[in-house]
Protein chains: 2
Amino acid sequence: MEKREEILENALELFCDRGYDAVGVQEIAERAGVTKPTLYYYFKSKYGLLQELLERGCAPFLERLEQATAYEGDLRGTLCACARAFMDFAKRSPRFYDLLFSLFHYPRESEPYRCARPYVLRQQQLIRNIFEAAAAQLGNMRGRQRQFGLGFCGLVHYFIEMKFEEGREENLCVSDEEIYSLVHQFMHGIYS
Amino acid sequence: MEKREEILENALELFCDRGYDAVGVQEIAERAGVTKPTLYYYFKSKYGLLQELLERGCAPFLERLEQATAYEGDLRGTLCACARAFMDFAKRSPRFYDLLFSLFHYPRESEPYRCARPYVLRQQQLIRNIFEAAAAQLGNMRGRQRQFGLGFCGLVHYFIEMKFEEGREENLCVSDEEIYSLVHQFMHGIYS
DNA sequence: CCTATTATATACCGTTCGGTATATAGCGTC
DNA sequence: GACGCTATATACCGAACGGTATATAATAGG
């Protein structure tokens, strides 16, 4: 039962470092201290391994993000809560965060993309829902909910990547002021 | 001599559709109507093929971008010219544009990333140079030249991706007004 | 204690991978 | 017309790929 976790951990590391296609199941198994049939016993294929890896890593975050998107009239506050959810996610599992978005940038016809796509799309959908909900009160977005949703996701993702590059781990601590500033910048851009 | 071009074209299509690792040289050669040794005669390895593909696709764009980055006191105009260069690049070679940035999002230790990296970094460097040059006159950027450069590249790239998704080809025509608006939004964000 | 289930390994499958040794066809040039 | 160069194909290499048939330890339940 513990071998299972070890396989997942090593797969994450290797996929993250060198890419899904470039890593063989052999190497994953070896690094986890097991043999190939053990890996195929737990996950029925290489793709199944990737699926479970993503499901495990995304599920808790998506739950939290769903809570954060509850809109009750305070757009700024809602966006701040979501940005915070993203930052915490990236801080807790930086390797996984890297992997997820790396896979999402694979070609559209590739296995890794198809696997990561639903999770990233779900994130985008949740963020978009905020603007859908806010559209009732704010009359000035004229069907641009999708654009705003994608824009916000893009901005947050870009912010996190910048933080990743600057300092490897310590800088991932993002203050409430930074988040507030980021959201403010986004909204200011929208309304101007 | 014409086979050479055909190999490059088919490699672009396949790498773009399914990813560098997932495509074998066999398939590239077949689709180009040649056999493997012919491919290896022109490009000495699969990696060499990728290198030439990127060099061919990037060189003209980088030259044009370098001209566009010439800063002579008009930051807004310079940024507009650069944005225009990016848009034209993406419009002329949408598949190549896709491939280049797909490769750039591969894992840092992977061959495809190492191959695409210098070209994307060169773009970022050129854009950054604008802010370096402008820093002399504009006193308020306090070493944030790099951040601004990356931010501008990210914004333009994001804008292009959005256009790609909306309408596949027709919407790639970007008006001067749209570009001006994009740059204005960027600068406004900076100064506020 | 026997049995069924879970968890693991040995040894192997056919296929495809990137890459090459070698032969040869066309084709100007001396 | 022999020579040398460019461009192509046939046939092959060892290695690694994803995946599996089968045997066996360990363990829990009756």
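Chain letters run A, B, ... following the sequence lines, proteins first and then strands; every chain starts at 1. Excluded from the calculations below are hydrogen atoms, water molecules and symmetry mates; all remaining heavy atoms, backbone and side chain alike, are included.
When rounded to the nearest whole Å, the span between NZ of B:Lys46 and C1' of C:dT20 equals 17 Å. Between the C1' atom of C:dT8 and the CZ atom of A:Phe43 lies a distance of 14 Å, rounded to the nearest Å. Between the OH atom of A:Tyr41 and the C1' atom of D:dA21 there is a distance of 16 Å, given to the nearest Å. When the P atom of D:dC17 is taken as reference, atom CG of A:Leu14 falls 11 Å away, rounded to whole Å. When the C1' atom of C:dG19 is taken as reference, atom CD of B:Glu111 falls 14 Å away, rounded to whole Å. The distance from atom NZ of B:Lys36 to atom C1' of D:dC12 is 10 Å, rounded to the nearest whole Å. Counting to the nearest Å, the P atom of C:dG18 and the CD atom of B:Gln26 are 9 Å from each other. Separating the CD atom of A:Glu27 from the P atom of D:dA15 is a distance of 17 Å, rounded to the nearest angstrom.
Test B:Tyr180, B:Phe159, B:Phe152 against B:Phe186 for ring pair (Phe, Tyr, Trp, His ring centres under 6.0 Å) and you get one pass: B:Phe152.
B:Phe86 is listed as a side-chain neighbour of B:Ile127, based on a closest heavy-atom distance under 4.5 Å.
For an aromatic pair to be called close, the ring centres must be under 6.0 Å apart, and B:His157 with B:Phe101 satisfies this.
Residue A:Tyr40 places none of its side-chain N or O atoms closer than 4.0 Å to OP1 or OP2 of D:dT20. The phosphate of C:dT10 has neither OP1 nor OP2 within less than 4.0 Å of any side-chain N or O from A:Thr35. Phosphate proximity of D:dT6 to B:Tyr42: absent, as no side-chain N or O sits under 4.0 Å from OP1 or OP2.
Remark on DNA chain D: of its neighbouring residues B:Val34 and A:Lys44, the 5'-side contact belongs to B:Val34, judged by nearest-heavy-atom nucleotide. The 5' end of DNA chain C is approached more closely, in terms of each residue's nearest nucleotide, by A:Pro37 than by the other of A:Pro37 and B:Pro37.
Counting non-hydrogen atoms of neighbouring residues, nucleotides and ligands closer than 6.0 angstrom, the CZ atom of A:Arg92 reaches no more than 12 such neighbours.
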